[in-house]
Undergrad: 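There's a structure below that I have some questions on.
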Amino acid sequence: PPDDPGPPTAPNQPPPTGSKWAGVQVTGECGRTKLVFVLVDEVCGGTDDPNYMDYFHAPIMRDGALIGDDLFAVDATYLWVLDTTNPDDVQRKALLAGFGQPLAVATHAGMLLIAAGDEGLLVVDPTDPTDPVRLATIDLEGPALDVFVDGDQAFVAIGAGGVAVVDLVTRTVEKTLDVPGFAAAVAARNGRAYVAACDTFAIIDVASNSLVGETWVQNHTQEGILVAPAKDVALEGDVAFVAAGRFGAVTVDVSSPATPAVLGNCTEQTDLSFYASGVRQEGGKMFVAGGEWGVKSLDLSDPAAVCASTVNPALPPI
């Protein structure tokens, strides 16, 4: 008889940036159930998997923050310190471990804040860039996936736990905001938190911890797979830009927080290498981290018009 191949295993090739392989059961010929592997979003797929955080160890630069000429970048394993004095010849100053599972960074009053996965939110003194010192570790009710600073408050997306609001003066958790969906990323302004929550985009009133409004693209789930994951958010005027995988940057009109409305999206319609995992504005541009495709630049001179129509992208075979 032929050799027993054993149980099926995930494909040998690495998944595209921003994605991961997930095993799902399907019914095949003669009613037999078998295991097949499909691509799901790295942040928003398999969130109930007990090994969820393990998938982030792929060697990918995930976020960065400038303090002077030093770029503090994270790849979910190490804290990188890069000298950007000469942007054409960036030099590595240090490669550091011991900062949890660093997924996102921000700055406050000269300090570096690190969303460090299961280790919580870290406050780090970067005075000596080659030997930054951890000053505080703030425990949270879920994994710290993203951090955004507004004044003296840090808003930390903690997945199913919602959004933690941290007082950066006392370095304590003020409250945890309830969020529909799975909080992957957050931005805040004028007492409201704007949350990319995987299968929805939600606006939360911080003072009352109440849902103000929510919306998301139509048909964001197909054949049981989330194909338009809301996984990062940046605000520009009355428009929220939300990174959404193959759907690129989805724009949401937030001028009326109680009734946010999707305006459209900017993507590379037929290029499967484009997969939006992050958004950030700088110098009148919105930059979209597009995986292997590269970085897409959008002109913000009229934020509401830049992605004003809906583009349905080609998707990997289900």
Side-chain angles (χ1 to χ4, degrees), residues 15-16 18-24 38-50 52-53 55-56 103-104 141-146 148 155-164 176-187 192-204 209-235 239-254 257-267 275-279 288-289 291 307 310-313 315-316 318:
S19 303
K20 62 186 176 184
W21 294 110
V24 297
V38 297
L39 287 170
V40 299
D41 185 73
E42 182 184 45
V43 176
C44 297
T47 56
D48 57 352
D49 187 336
Y52 170 75
M53 293 302 298
Y55 289 95
F56 292 100
L103 294 167
E141 296 180 11
L145 303 175
D146 184 46
F148 182 91
F155 292 78
V156 188
I158 54 174
V163 172
T176 300
L177 304 178
D178 298 324
V179 175
F182 186 89
V186 60
R192 295 190 180 99
Y194 299 79
V195 188
C198 287
D199 61 359
T200 189
F201 171 77
I203 303 174
I204 311 295
N209 190 8
S210 59
L211 177 66
V212 177
E214 66 176 313
T215 188
W216 196 225
V217 299
Q218 296 181 351
N219 301 320
H220 56 267
T221 300
Q222 297 182 19
E223 297 190 38
I225 297 175
L226 180 62
V227 295
K231 57 188 301 185
D232 195 18
V233 57
L235 303 174
V239 179
F241 288 75
V242 185
R246 283 287 299 124
F247 280 74
V250 174
T251 52
V252 182
D253 182 349
V254 295
T259 56
V262 172
L263 298 172
N265 64 305
C266 289
T267 188
Y275 195 90
S277 291
V279 284
V288 184
C307 301
T310 299
V311 178
N312 291 313
L315 300 172
I318 300 295

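Numbering of residues begins at 1 and proceeds along the displayed sequence. What you are looking at is a predicted structure, and each value in this text was computed from that prediction instead of being measured.
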Undergrad: Could you tell me which non-hydrogen atom of A230 sits nearest to which non-hydrogen atom of C44, and how far apart they are?
TA: O-SG, 4.0 Å
Undergrad: Given side chains that start at C-beta, do those of V233 and F148 come closer than 4.5 Å, heavy atoms only?
TA: no
Undergrad: Between the main-chain N or O of D178 and the side-chain N or O of N209, is there a donor-acceptor pair closer than 3.5 Å?
TA: yes
Undergrad: Can you tell if the side chain of V262 reaches within under 4.5 Å of the side chain of V250, non-hydrogen atoms only?
TA: yes
Undergrad: Side chains of R246 and V227: does their closest heavy-atom pair fall under 4.5 Å?
TA: no
Undergrad: Roughly how far, to the nearest 0.5 Å, is CG of D146 from NZ of K231?
TA: 11.5 Å
Undergrad: To check you understand the geometry: which heavy-atom pair defines the closest contact between K20 and E42, and what is its length?
TA: NZ-O, 3.3 Å
Undergrad: Supply the atom-to-atom distance D199 CG to D41 CG, rounded to the nearest 0.5 angstrom.
TA: 11.5 Å
Undergrad: What heavy-atom pair brings V43 and Y52 nearest, and what distance separates the two atoms?
TA: O-OH, 2.6 Å
Undergrad: Determine whether Y275 and P229 make a side-chain contact, defined as any pair of heavy atoms from C-beta on separated by less than 4.5 Å.
TA: yes
Undergrad: About how many Å separate CG of D232 and CG of L145, when rounded to the nearest 0.5 Å?
TA: 11.0 Å
Undergrad: Let's go through C266 and V288 carefully: what are the C-alpha distance in whole Å and the side-chain angles of both, what is the deciding distance for side-chain contact (heavy atoms from CB on, under 4.5 Å) to 0.1 Å, and is it a yes or a no?
TA: CA-CA 9 Å; C266 289; V288 184; over 6 Å; no
Undergrad: Tell me the closest heavy-atom pair linking V217 and A228, and the distance in Å.
TA: CG2-CB, 3.6 Å
Undergrad: Among residues at least two apart in sequence or on other chains, which ones pass side-chain contact (heavy atoms from CB on, under 4.5 Å) with P257?
TA: R192, I203, V212
Undergrad: For T310, check side-chain hydrogen bond (donor to acceptor under 3.5 Å, both in side chains) against everything at least two apart and list the hits.
TA: none
Undergrad: How long is the span from the CD1 atom in I204 to the OH atom in Y194, to the nearest 0.5 Å?
TA: 11.0 Å
Undergrad: Taking the side chain as C-beta and beyond, is there a heavy-atom pair between N312 and N219 under 4.5 Å?
TA: no
Undergrad: Any side-chain heavy atom of V242 within less than 4.5 Å of one from F247?
TA: no
Undergrad: Go through the steps to decide whether V24 and I225 satisfy the test side-chain contact (heavy atoms from CB on, under 4.5 Å), and finish with yes or no.
TA: CA-CA 10 Å; V24 297; I225 297 175; over 6 Å; no
Undergrad: Minimum heavy-atom separation for L39 to S19, with atom names?
TA: CD2-CB, 4.1 Å
Undergrad: Could you tell me which non-hydrogen atom of A244 sits nearest to which non-hydrogen atom of W216, and how far apart they are?
TA: CB-CZ2, 3.7 Å
